[in-house]
**Student:** 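Before we start, here is the structure in question, set down as structure tokens.
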Amino acid sequence: MKFTYNWIKDFVDIKIPAEKLADKLTMAGVEVVSLDKRDGDYVFEVEITSNRPDWLSILGIAREVAAVTGSRLKITEIKRKIKAQKLPALTIEIEDRKDCPLYTARIIRDITIAPSPDWLRKRLELVGCRSVNNVVDITNYCLFELGEPLHAFDLDKVAQDKIIIRRAKAGEKITTIDGNIRNIDRGSLVIADSLRPLALAGLMGGKESEVTSSTKNVLLEAALFTPILIRRMRQAHAIHSESGYRFERGIDPQIVNKASQRAAVLMEEVCGGREVYFKSSGFTNTKERTVILKVSNVERVLGLRISNSKIKQILSSLGFKVSGRGKSALAIAVPSFRQDVSLEEDLIEEISRIFGYENIPSTLPRVLPSINIRESRGLVSDIKNMLIGLGLNEAATYSLIDSRVLNEFNPSVNPVGIMNPLSREQEVLRSTLIPGLTRAIAYNLNQKQEYIALFEVANVFFNKDNSPCAELRLGIALSGAKRMLFNDSAIKDELGLLNLKGILESLLVRLKIQAYEFRALNQEGKAHIFINNEEIGYMQVLSPNLLEKLEIKNKKVFVLEISLDKLLTFYRAQHKYVPLPKYPGITRDISFIFKKGNSMKDILIKLQEKGQPLLKGLRIVDYYEGKQIPQGFRGLTLECIYGSSQRTLTEDEVMPVHSLLCLVLREQPGVELR
Amino acid sequence: MDIDIILSQVEEEIKNINSPEGLEQFRLKYLGRKGVVAQLTSTIPTLPNQEKAVFGQKVNALKGKILSLLKEKQGAVVSGKGVSQEPYVDIGMPGIAQEIGHLHPLTQITEEICSIFNRIGFSIVEGPEIETEQNNFTGLNIPLEHPSREAFDTFYLKDYPKMLLRSHTSPVQVRAMKTHKPPLAIVVPGKVYRPDAVDASHSFMFHQVEGFMVDKGIQFSDLKGILELFARTIFNSDIKMRFRPHFFPFTEPSAEVDISCIICKGKGCSVCGRKGWLEILGAGMIHPNVFKHVGIDSGKYTGFAFGMGVERIAMLKYGINDIRLFFENDVRFLRQF
């Protein structure tokens with residue numbers, strides 16, 4: 001909202017410069033976002049929080065200025081009496097008082113429509129309101145000054161001198177003053193005459209009854225409408241008007257008639273009209289709310305003692321009436337414009353606000369650790385730190401995704417949809433982390449990165465037993481080639497599924513999980529990951545088909561996705577120590593060639609079995625493809641470690657076991673010893 | 001044989017030795033079982049009695065001298081060993097190690113924020129991203145059809161009435177206070193969602209850290225103290241802080257908290273919009289209606305709550321001017337943190 005320095009001065013004497021005033025207002029909660037010097041005045045733009053509709057007027061701001069500067073508010077009461085006229089009486093019919101508790105109408109006759117005088121036009125323009133004509137400008141002027149939206153109808157366009165405030169009927173339409181033809185839904189409140197709707201209540205008037213250059217007689221409306229109703233209508237009709245904005249937040253019931261009187265006086269002064277008629281229908285509750293303030297609670301909440309006289313002074317300056325002479329409690333009568341104040345805490349806020357938050361001391365509370373609260377983030381944090389140690393970068397991608405993209409990756413899942421997305425890219429919640437990571441890979445390939453290793457830890461969502469579920473997952477995506485420099489060589493290693501396997505195995509070591517297994521199932525290039533026979537995820541090479549859709553060319557992308565929720569259930573913090581071997585072991589290597597396309601997995605398991613009890617370790621220590629190895633084969637060296645916990649083994653003891661392993665190995669399909 | 005001549009011969013000889021092997025030969029020649037010193041010693045019994053003592057002392061002195069020369073030379077020969085025998089290493093070549101990756105800046109800032117509060121004694125708790133309307137709004141004293149909802153535009157779920165993506169981390173306050181009794185000191189990091197059009201300063205998904213404390217005797221002054229401690233830790237110790245009255249439905253009194261601009265130190269620049277202040281969080285004393293909803297007696301307990309945007313803090317701390325960079329995942333960006 002905008003207001004000007006001079007306009008405020010109509011209501012309160014200000015002795016400080018505009019900049020200083022802006023600071024004071026900001027520190028009292030009226031946040032001044034800009035201050036401009038224009039046309040010999042200062043224009044303040046402030047952000048008004050939704051709890052303070054009383055600040056949406058010059059009067060309301062002036063009241064605050066008076067409180068923060070220690071001045072007095074100047075209000076002149078308008079006292080009017082209208083001589084009885086022999087005119088057909090105007091009828092006001094309110095269908096439901098709940099929608100419209102108060103409706104007042106004044107009739108001003110014989111006005112002359114003309115452009116507004118300079119002072120009026122200028123003030124409106126400074127606060128950002130376009131000047132239309134004198135009558136319309138006066139209604140707007142009173143809206144900005146006092147916070148009550150007014151509407152002027154051309155009386156001669158209102159049929160049969162009858163105003164009906166009612167909900168719309170089926171199929172009703174209205175052309176509003178902005179030129180739009182609107183279908184009015186049946187929930188909307190309209191101001192109608194006996195024939196048709198004249199205005200959308202509280203939001204915008206109709207074109208047919210609007211004040212034009214030929215208007216002679218004006219019906220001036222000032223009313224109260226129910227905030228929720230206006231809010232629903234504003235949303236349904238997508239109308240943003242100064243009027244609706246204020247009605248939606250709540251209007252001071254006491255200001256309705258004052259604003260209408262002020263407008264009538266101005267119309268007589270400016271437009272040469274004559275007020276001839278006033279009618280009010282409905283009534284407003286004028287009983288003031290009283291809140292009891294226990295003085296000790298001010299200190300209890302703020303941590304600062306404020307004297308009773310200071311409390312009284314602050315609250316009085318804001319328009320509250322303070323009574324109660326006891327020391328410990330005060331009775332505070334809340335003025336009608338402060339609908340937001342109903343609790344003791346609301347009053348404490350008012351006191352602290354004007355006293356100044358900067359005058360409240362800083363203290364440190366005693367913090368008792370809540371040991372009954374379980375924290376599970378430690379392991380996830382460890383996993384992330386391990387992954388960066390393994391050279392991966394952490395990514396952050398959106399939880400919302402285009403359903404078509406998700407379908408390319410995860411067609412079997414019925415995703416959780418979003419009712420009100422702003423675009424197709426926010427249509428559904430993702431059921432997998434892979435599309436986001438793959439998109440990040442594509443982005444980086446476009447930036448000519450040759451090695452990209454990304455991971456993300458985040459929730460995915462899906463429907464389960466008719467409710468939306470979340471699962472914490474780890475996703476990894478790799479692409480490109482990794483260059484590594486060693487002491488005696490440099491290599492360029494094309495990334496592959498085994499890189500993913502190695503990364504995951506490192507994590508499993510950290511989590512002390514041993515019973516894991518990689519199972520290649522039906523699909524080419526995909527392995528499923530099991531722990532204790534429960535599937536926790538998969539790793540795969542993305543199909544060229546899919547990559548093409550993501551505009552990834554001539555590159556492979558390897559992805560892994562596991563459920564951390566499942567994985568972490570296998571973590572056991574308790575762990576038993578295994579005594580170190582007392583006697584040195586003996587190591588023997590076996591070199592052999594192995595046909596490509598066969599799997600080492602079962603062979604290793606078999607050798608492990610046959611080597612018991614002396615075989616303590618088995619690992620592949622060399623790997624070679626090249627000249628000495630026949631086509632379609634690879635050369636491998638297997639290191640076998642033998643040992644005993646009772647004694648140092650002799651060559652004679654190891655020989656038979658090792659020979660057996662060689663024999664077993666030789667019998668395996670695709671194996672030839674070298 | 002004249003011992004003095006032998007001595008000068010020894011001193012001459014050892015000068016020219018520059019390998020451990022040469023030194024060993026030298027040792028054998030003089031101190032070996034059939035070496036010079038041994039031979040001299042073996043002649044002692046043949047000498048006249050009055051000469052024995054003097055000659056013996058001379059031989060011992062010679063032996064001592066040879067030993068000390070050997071020891072001296074040994075040091076020199078060994079220390080030269082590394083240079084003479086090891087292959088040449090160009091220390092200007094890159095070191096050999098697994099290249100390390102980088103945690104996302106938002107993770108780093110979140111961890112930094114949480115760990116500051118953790119050290120003060122706050123527990124870290126997380127909550128679900130899919131929430132009920134009840135926890136996200138009503139339980140936090142935000143009436144359903146009220147203008148205060150404007151600030152919290154929300155994504156609703158299809159097919160599940162009254163279920164939504166949380167628009168702030170505050171629902172975790174409701175969850176924690178329902179299940180745990182005071183005293184409570186909790187921080188809540190997490191993702192939140194609001195249907196905002198994406199631009200340099202808006203994102204429909206972002207991250208918050210929420211904190212709250214409930215106990216007997218918690219005061220607004222404690223909120224000021226805790227947040228000042230926090231700001232000085234995460235930014236720097238000479239930062240200034242100010243609390244401005246504001247409105248949040250779930251706190252009363254409420255405040256917006258600014259820090260003196262970390263770029264211009266409060267003088268006014270483009271980052272702080274010439275104001276000298278940067279808004280970094282919202283806070284206040286927990287509203288009695290929130291306590292009422294979770295069954296905590298507001299006559300007995302008071303509490304404060306605060307919330308901040310992680311992206312905002314990260315952008316200020318690192319001087320990032322476009323929020324979209326966080327979600328683009330350009331590795332050249334990620335590698336900087």
Side-chain angles (χ1 to χ4, degrees), chain A residues 26-29 49-51 228 231 248-249 301-304 343 345-346 348-349 352-353 357-358 360-365 367-370 373 375 377 384 387-389 391-399 416-420 422 426 440 443-444 447 449 452 454 459 468 470 485-487, chain B residues 94 96 98-104 106-107 120-121 123-125 128-130 145 147-148 150 155-160 163 180 183-185 191 195 197 204-205 213 218-222 224-226 228 242-247 252-253 255 285 287-288 302 326-331 334-335:
Chain A
T26 295
M27 293 311 285
T49 52
S50 63
N51 62 325
I228 287 185
R231 181 176 157 81
E248 196 185 315
R249 282 164 170 72
V301 171
L302 299 181
L304 167 75
L343 300 172
E345 283 76 6
D346 299 328
I348 294 172
E349 177 170 73
S352 58
R353 206 166 59 74
Y357 282 4
E358 68 274 22
I360 296 174
S362 296
T363 54
L364 284 175
V367 185
L368 296 173
S370 326
I373 289 170
E375 293 179 21
R377 309 180 74 240
K384 287 185 178 184
L387 290 169
I388 66 160
L392 286 87
N393 288 306
E394 187 188 10
T397 65
Y398 295 119
S399 307
V416 179
I418 296 295
M419 203 171 71
N420 53 334
L422 293 181
Q426 304 167 350
Y443 175 89
N444 281 295
Q447 309 302 317
Q449 296 294 312
I452 307 146
L454 296 172
N459 282 318
L485 193 70
F486 294 103
N487 277 313
Chain B
I96 297 164
Q98 162 68 50
E99 188 192 327
I100 200 147
H102 302 260
L103 286 178
H104 196 279
L106 294 176
T107 299
I120 301 173
S123 305
I124 303 169
V125 172
E129 291 166 42
I130 292 179
E145 293 200 67
S148 60
E150 300 293 84
F155 283 118
Y156 277 83
L157 299 192
K158 231 185 218 168
D159 307 329
Y160 299 105
M163 297 283 272
H180 295 81
L184 290 171
K191 286 192 174 80
F204 60 85
M205 178 183 100
M213 194 175 164
I218 297 293
Q219 300 169 323
F220 193 88
S221 58
D222 295 327
K224 281 187 76 173
I226 289 272
E228 277 168 14
R242 71 172 191 186
F243 287 64
R244 275 184 291 109
H246 197 71
F247 169 68
E252 187 86 3
M285 299 300 287
H287 198 287
T302 48
F326 291 119
F327 304 104
E328 224 163 39
N329 300 301
D330 191 318
V331 294
L334 297 175
R335 281 188 195 128

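Every chain is numbered from 1 and lettered A, B, ... according to where its sequence line falls, protein lines coming before strand lines.
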**Student:** Check A:Ala395 against B:His104 and note the closest heavy-atom contact, atom names and distance.
**Tutor:** C-CD2, 3.9 Å
**Student:** Go through A:Leu454 and B:Val331 one step at a time and tell me if the side-chain contact (heavy atoms from CB on, under 4.5 Å) criterion holds.
**Tutor:** CA-CA 9 Å; A:Leu454 296 172; B:Val331 294; 3.9 Å; yes
**Student:** Search all heavy atoms of A:Pro365 against all heavy atoms of B:Ile218 and return the closest pair with its distance.
**Tutor:** CB-CD1, 3.9 Å
**Student:** How many angstroms lie between CZ in B:Phe243 and OG in A:Ser352, if you round to the nearest 0.5 Å?
**Tutor:** 12.0 Å
**Student:** List for me each residue that meets side chain to side chain donor-acceptor pair (under 3.5 Å) alongside A:Thr397, sequence neighbours excluded, and say none if there are none.
**Tutor:** A:Arg430, A:Glu456
**Student:** List the atom of B:Lys224, the atom of A:Pro361, and the distance in Å for their closest heavy-atom pair.
**Tutor:** CD-O, 3.9 Å
**Student:** So B:Glu252 and A:Leu343, side-chain contact (heavy atoms from CB on, under 4.5 Å) or not? Walk me through it.
**Tutor:** CA-CA 10 Å; B:Glu252 187 86 3; A:Leu343 300 172; over 6 Å; no
**Student:** Among A:Thr49, A:Leu485, A:Thr363, which residue forms the greatest number of heavy-atom pairs with chain B at distances under 4.5 Å?
**Tutor:** A:Thr363
**Student:** In Å, rounded to the nearest 0.5 Å, how long is the span from CD of B:Glu328 to CG of A:Asn444?
**Tutor:** 9.0 Å
**Student:** Non-hydrogen atoms of chain A under 4.5 Å away: do they reach the side chain of B:Pro288, the backbone, both or neither?
**Tutor:** side chain
**Student:** Please rank B:Met285, B:His246, B:His102, B:Met205 by heavy-atom pairs under 4.5 Å with chain A and give me the top one.
**Tutor:** B:His102
**Student:** Is it the backbone or the side chain of A:Ala470 that comes under 4.5 Å from a heavy atom of chain B, or both, or neither?
**Tutor:** neither
**Student:** Between atom OH of B:Tyr156 and atom CG of A:Asn420, what is the distance when rounded to the nearest 0.5 Å?
**Tutor:** 8.5 Å
**Student:** Does any non-hydrogen side-chain atom of B:Arg242 lie less than 4.5 Å from one of A:Met27?
**Tutor:** yes
**Student:** Where is the tightest heavy-atom contact between B:Met163 and A:Pro468, given as atom of each residue plus distance?
**Tutor:** CE-CG, 3.7 Å
**Student:** For B:Phe326, is it the side chain, the backbone, both or neither that has a heavy atom under 4.5 Å from a heavy atom of chain A?
**Tutor:** backbone
**Student:** Looking at every heavy atom in both B:Gln98 and A:Gly391, which two are closest together, and how far apart are they?
**Tutor:** NE2-CA, 3.3 Å
**Student:** Considering all heavy atoms of both residues, which atom of A:Gly303 and which atom of B:Ser221 are nearest to each other, and what is their separation?
**Tutor:** CA-OG, 3.8 Å
**Student:** Set out, in order, the CA-CA distance, both residues' side-chain angles and the distance that settles side-chain contact (heavy atoms from CB on, under 4.5 Å) for A:Ile418 and B:Leu157, then state yes or no.
**Tutor:** CA-CA 5 Å; A:Ile418 296 295; B:Leu157 299 192; 3.9 Å; yes
**Student:** Only counting residues at least two apart or in another chain, list the ones meeting ring pair (Phe, Tyr, Trp, His ring centres under 6.0 Å) with A:Tyr398.
**Tutor:** B:Phe204, B:Phe327
**Student:** Which one of B:Gly101, B:Gly225, B:Pro245 has the most heavy-atom pairs closer than 4.5 Å to chain A?
**Tutor:** B:Pro245
**Student:** Using only atom types and a distance under 3.5 Å, with no angle test, would you say the side chain of A:Glu394 pairs donor to acceptor with the backbone of B:Leu103?
**Tutor:** no
**Student:** Just how far is it from atom CG of B:Leu334 to atom CG of A:Leu392, taken to the nearest 0.5 Å?
**Tutor:** 11.5 Å
**Student:** Between B:Asp330 and chain A, which part of the residue has a heavy atom less than 4.5 Å away: side chain, backbone, both or neither?
**Tutor:** both
**Student:** Taking the side chain as every heavy atom from C-beta outward, state whether B:Pro253 and A:Val301 have any atom pair closer than 4.5 Å.
**Tutor:** yes
**Student:** So which part of A:Gln449 gets closer than 4.5 Å to some heavy atom of chain B, the side chain, the backbone, both or neither?
**Tutor:** side chain
**Student:** Mind checking whether B:Asp222 and A:Leu364 have side chains closer than 4.5 Å, heavy atoms only?
**Tutor:** no
**Student:** Rounded to the nearest 0.5 Å, what separates atom CD1 in B:Ile100 from atom CG in A:Leu387?
**Tutor:** 11.5 Å
**Student:** Rounded to the nearest 0.5 Å, what separates atom CG in A:Asn459 from atom NZ in B:Lys191?
**Tutor:** 7.0 Å
**Student:** Is it the side chain or the backbone of A:Arg231 that comes within 4.5 Å of chain B heavy atoms, both, or neither?
**Tutor:** side chain
